[in-house]
Protein chains: 2
Amino acid sequence: MAAATHRLIAHAGLDAATMAAVAREAGFSVGLVQHYFASKDELLLFAYKQMSEHQLARVARMVAEGEADAQPIRAILLRCMPELWPLDEARRGEYRVATAFHARALDVPTVAEVARETAAVVSGQIARAVENGKECGEVEPGTDAERAALELSALVTGLADELYGEPERRRGDRPLIETAEAILKDRLGSYFPGECHHYDR
Amino acid sequence: MAAATHRLIAHAGLDAATMAAVAREAGFSVGLVQHYFASKDELLLFAYKQMSEHQLARVARMVAEGEADAQPIRAILLRCMPELWPLDEARRGEYRVATAFHARALDVPTVAEVARETAAVVSGQIARAVENGKECGEVEPGTDAERAALELSALVTGLADELYGEPERRRGDRPLIETAEAILKDRLGSYFPGECHHYDR
DNA sequence: GGGATAACAATACGAGCGTATGGCTTCCTC
DNA sequence: GAGGAAGCCATACGCTCGTATTGTTATCCC
């Protein structure tokens with residue numbers, strides 16, 4: 001049911017995710033949806049939570065893989081952050097759902113809470129990555145990790161917005177996505193200028 | 001009527017801006033609202049357009065004032081960009097309205113068109129500022145203006161999101177807004193490292 | 001000064017929504 | 001093997017919304 005809700009919102013917005021539409025999309029009756037979710041708000045909140053968890057789990061898996069390969073933190077972040085960008089149809093769908101709930105969060109406190117927690121996890125992971133970078137020599141000791149996390153998470157979400165509008169747009173001979181990646185790479189390079197000196201990682 | 005629509009959306013979201021609510025808020029009858037707007041979509045689009053125009057006009061006025069005072073381009077941008085941030089109640093309202101329509105733009109092409117145009121104006125102004133900076137010596141000649149505009153506009157919108165959630169949040173002894181301004185200042189400083197050498201500006 | 005046109009209001013209508021209700025099957029448990 | 005919970009469905013109810021309809025009052029132009 002959450003998957004059906006996700007599909008409907010991704011395809012036609014929150015307004016399209018009515019009880020009847022969700023039931024039809026999921027192949028069930030309206031009554032059954034009510035049997036599992038006491039209200040529509042509960043259904044929407046569950047679908048939102050689940051999508052956020054999926055996104056965070058994917059990122060966590062990429063981090064784990066990067067650490068297993070002993071990649072520098074800078075490289076791990078560079079591969080993780082575009083995971084939240086609308087680069088293929090699946091992630092464009094996630095972007096649409098996230099955007100719809102981002103607006104809903106302005107008026108529904110329970111949604112705002114989930115959005116806040118998700119954002120805090122992302123910021124926290126970036127800040128922790130910077131702290132780890134200090135220990136292994138990639139990051140200058142004096143770097144403000146919280147500030148770096150604020151800038152980088154703002155940049156990632158802002159670039160996601162820019163990328164969504166014109167996915168086909170090109171600047172000269174390069175697609176926009178490459179420019180966005182280059183921007184992110186440069187910014188990461190300024191926060192992670194050093195080489196990791198932990199050979200056992 | 002557009003002002004009433006703006007107030008309703010800012011206070012309780014797009015769903016609260018019904019025909020009846022707008023009419024009541026504006027002090028008119030439903031029939032009169034229909035007399036001026038053929039449909040609800042038309043009303044919403046008009047209100048959205050008007051708000052975007054107001055924002056762009058405010059920024060344009062700040063740019064003109066800065067130019068009249070012969071301020072460096074870097075300083076003008078540093079004062080203009082936070083104009084789009086939710087720093088006081090009026091601009092928090094604008095942020096809420098903009099966010100609501102940002103989500104609606106995913107499903108309504110006419111809204112998407114306005115959003116695209118507004119974003120293009122902002123990006124264009126930043127890119128033009130960078131080009132002007134090259135001529136007057138504030139910007140290195142090799143700088144990619146379009147790329148700078150992409151990064152800076154993404155950063156501004158991303159920071160707006162971060163600032164909205166916790167307006168009271170502090171990092172140590174400083175409020176979050178000061179960190180955001182410092183980030184913006186540093187980024188502008190990296191794109192505008194030089195001094196303006198046009199004494200007649 | 002009269003007739004079109006615009007400003008403005010009251011209300012009716014039909015559609016779509018979330019939810020409540022009642023009932024039917026399936027399956028496990030004691 | 002009886003009974004109760006859980007899975008599942010169809011439908012009715014009440015409400016709200018956008019819009020259509022029909023009107024009344026003002027304004028303005030020739």
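Since this is a predicted model, take the numbers as computed values, not measurements. Within every chain, numbering begins at 1; the chains are lettered A, B, ... in the order of the sequence lines, protein sequences first and strands thereafter.
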Measure [atom1]/[X] against [atom2]/[N] and give the value in whole Å, please.
X       : N      : atom1 : atom2 : answer
A:Glu42 : C:dG18 : CD    : P     : 15 Å
B:Phe37 : D:dC17 : CZ    : C1'   : 19 Å
A:Asp15 : D:dG18 : CG    : P     : 11 Å
B:Gln34 : C:dC13 : CD    : C1'   : 13 Å
A:Leu44 : C:dG18 : CG    : P     : 9 Å
B:His35 : D:dT25 : NE2   : C1'   : 13 Å
B:Met19 : C:dT11 : CE    : P     : 20 Å
B:Leu8  : D:dG18 : CG    : C1'   : 16 Å

Positive for side chain to side chain contact (heavy atoms under 4.5 Å, CB included) with A:Arg147, one of A:Thr143, A:Leu150, A:Asp144 | A:Asp144
Anything under 30° is parallel, anything over 60° is perpendicular, the rest tilted; go ahead and classify A:Tyr164 against A:Tyr95.
-> parallel
For B:Arg128 and B:Glu131, what are the C-alpha separation, side-chain angles and deciding distance, and is it a salt bridge (Lys or Arg N to Asp or Glu O under 4.0 Å)?
-> CA-CA 5 Å; B:Arg128 201 161 46 82; B:Glu131 294 291 355; over 6 Å; no
Counting side-chain heavy atoms from C-beta on, which of [options] comes nearest to [X]?
X       : options                : answer
B:Val30 : C:dC17, C:dA20, D:dT19 : D:dT19
A:Ser29 : D:dA10, C:dA20, D:dG7  : D:dA10
A:Lys40 : C:dA7, C:dA9, C:dC17   : C:dC17

Taking OP1 and OP2 of C:dA6, is either one under 4.0 Å from a side-chain nitrogen or oxygen of B:Tyr36?
-> no
Return yes if a side-chain donor-acceptor contact under 3.5 Å exists between A:Gln55 and A:Glu94, otherwise no.
-> yes
Hey, are A:Tyr191 and A:Glu140 close enough side-chain-wise for a donor-acceptor pair under 3.5 Å?
-> no
Where each residue is assigned the nucleotide of DNA chain C containing its nearest heavy atom, which of A:Gly31 and A:Ala20 is assigned the position nearer the 5′ end?
-> A:Ala20
Quick one: does B:Glu138's side chain have a donor or acceptor within less than 3.5 Å of a partner on B:Ile73's backbone?
-> yes
Work out how much the helix from C:dG1-D:dC30 to C:dC30-D:dG1 bends between its end axes, five pairs an end, to the nearest 10 degrees.
-> 0°
Pairwise side-chain contact, A:Lys49 with A:Thr118, heavy-atom cut-off 4.5 Å (strictly under) = no
